[in-house]
Amino acid sequence: RQVLEEMRALYELNQADVSEAKSGRTDLIFLIRFRHCCLLRNQRCVLAYLYDRLLRIRALRWEYGSVLPTTIQFHMSAEEVEWFNQYKKSLATYMKSVGGEEGLDLTQDIKPPKSLYIEVRCLRDYGEFEIDDSTTILLKKNSQHFLPRWKCEQLIRQGVLEHILS
């Protein structure tokens, strides 16, 4: 906001000096050019900042899944939340288009797995969790389970489960 206020002030000063320069004061041309260069620099900085935020928001989709925690969403603007939702929809559409009729979830195995099943410990009460063979498991705090990696990787990233390394 401070940068935008500074840019508005520089622009208004330039507008006033351009009007005077048109009436014959050529000594203001260098000052007008200097302010214009300052405006362009500030514009590049603001755009770089916004682009970095978008890259971080895109990374949040891969880290947390399609639903962001409210603590993170609280620090985002309405436009950023809208951009996240559009990116989420685009990614879902792409994942449905590849990998056959069920699609391919690209967010699952971020790192190649060493084994298909892993031992996990539940860090907080989560409730019932269904795996592929329609078996439901009750995830209670401090309970340990031997689950398919691809089913619980999302919960590990969300902090519900932790991978127990032998």
Side-chain angles (χ1 to χ4, degrees), residues 1-11 38-166:
R1 290 182 186 169
Q2 290 174 345
V3 173
L4 293 177
E5 289 295 323
E6 178 185 330
M7 289 176 71
R8 184 179 8 215
L10 288 171
Y11 182 77
C38 291
L39 282 168
L40 292 177
R41 179 196 173 279
N42 286 353
Q43 180 184 19
R44 284 192 311 271
C45 291
V46 167
L47 289 175
Y49 170 76
L50 291 174
Y51 182 69
D52 183 61
R53 280 189 67 93
L54 286 182
L55 290 179
R56 290 173 190 251
I57 292 169
R58 184 177 69 179
L60 290 173
R61 168 57 181 95
W62 291 86
E63 184 178 342
Y64 289 101
S66 59
V67 178
L68 287 177
T70 54
T71 56
I72 292 175
Q73 214 168 11
F74 176 74
H75 295 290
M76 294 169 58
S77 69
E79 292 81 9
E80 289 172 334
V81 172
E82 181 181 338
W83 189 90
F84 177 81
N85 290 331
Q86 289 297 323
Y87 180 72
K88 176 176 67 173
K89 288 176 187 174
S90 297
L91 184 62
T93 302
Y94 176 73
M95 288 190 300
K96 285 179 186 174
S97 71
V98 296
E101 47 186 74
E102 289 184 21
L104 178 64
D105 190 359
L106 299 173
T107 63
Q108 281 302 315
D109 290 322
I110 302 293
K111 296 177 184 173
K114 293 182 180 179
S115 64
L116 296 178
Y117 285 82
I118 59 172
E119 191 172 359
V120 293
R121 179 183 300 120
C122 192
L123 299 175
R124 62 176 189 241
D125 289 338
Y126 183 76
E128 292 187 348
F129 180 67
E130 185 175 339
I131 55 176
D132 279 345
D133 59 355
S134 299
T135 305
T136 57
I137 299 168
L138 183 61
L139 297 177
K140 293 179 76 174
K141 186 174 183 175
N142 295 325
S143 62
Q144 292 184 341
H145 307 279
F146 195 65
L147 298 173
R149 174 184 294 273
W150 69 274
K151 283 298 280 187
C152 58
E153 194 168 77
Q154 191 77 23
L155 293 175
I156 292 171
R157 277 187 255 144
Q158 292 175 1
V160 175
L161 299 174
E162 85 173 328
H163 184 192
I164 301 173
L165 301 172
S166 300

Query raised in the report: Looking only at heavy atoms, what is the nearest atom pair of Lys141 and Asp125, with distance?
Result: N-OD1, 2.8 Å
**Report entry** side-chain contact (heavy atoms from CB on, under 4.5 Å) between Leu155 and Val120, worked out
**Finding:** CA-CA 10 Å; Leu155 293 175; Val120 293; over 6 Å; no
Report summary line: For Ser143 and Lys140, the nearest pair of non-hydrogen atoms, with its separation, is OG-O, 2.6 Å
Query raised in the report: Does a side-chain heavy-atom distance below 4.5 Å link Trp83 with Leu54?
Result: yes
Report task. Please report the shortest heavy-atom distance between Leu123 and Gly159, naming the atom on each side. Result -> CD1-O, 3.5 Å
Query - Short side-chain to backbone donor-acceptor contact, Ser90 and Gln86, under 3.5 Å - result: yes
Query raised in the report: Under a 4.5 Å cut-off applied to non-hydrogen side-chain atoms, are Leu138 and Thr136 in contact?
Result: no
Requested in this report: Decide, yes or no, whether a salt bridge links Arg121 with Glu162 under the criterion of side-chain N to carboxylate O below 4.0 Å.
Outcome: yes
Query raised in the report: Do the side chain of Asn85 and the main chain of Val81 share a donor and acceptor less than 3.5 angstrom apart?
Result: yes
Query raised in the report: Under the 3.5 angstrom rule, does the side chain of Gln154 hit a backbone N or O of Tyr64 as a donor-acceptor pair?
Result: yes
**Report entry** Qualifying salt bridge (Lys or Arg N to Asp or Glu O under 4.0 Å) pairs, either residue in residues 72-100, two or more places apart
**Finding:** Arg53-Glu80
**Report entry** Tyr126 and Leu161, any side-chain heavy atoms less than 4.5 Å apart
**Finding:** no
**Report entry** Heavy-atom pair of closest approach, residues Glu6 and Asn42
**Finding:** OE2-ND2, 3.2 Å
Query raised in the report: How far apart are the closest heavy atoms of Leu60 and Phe84, and which atoms are they?
Result: C-CE1, 4.5 Å
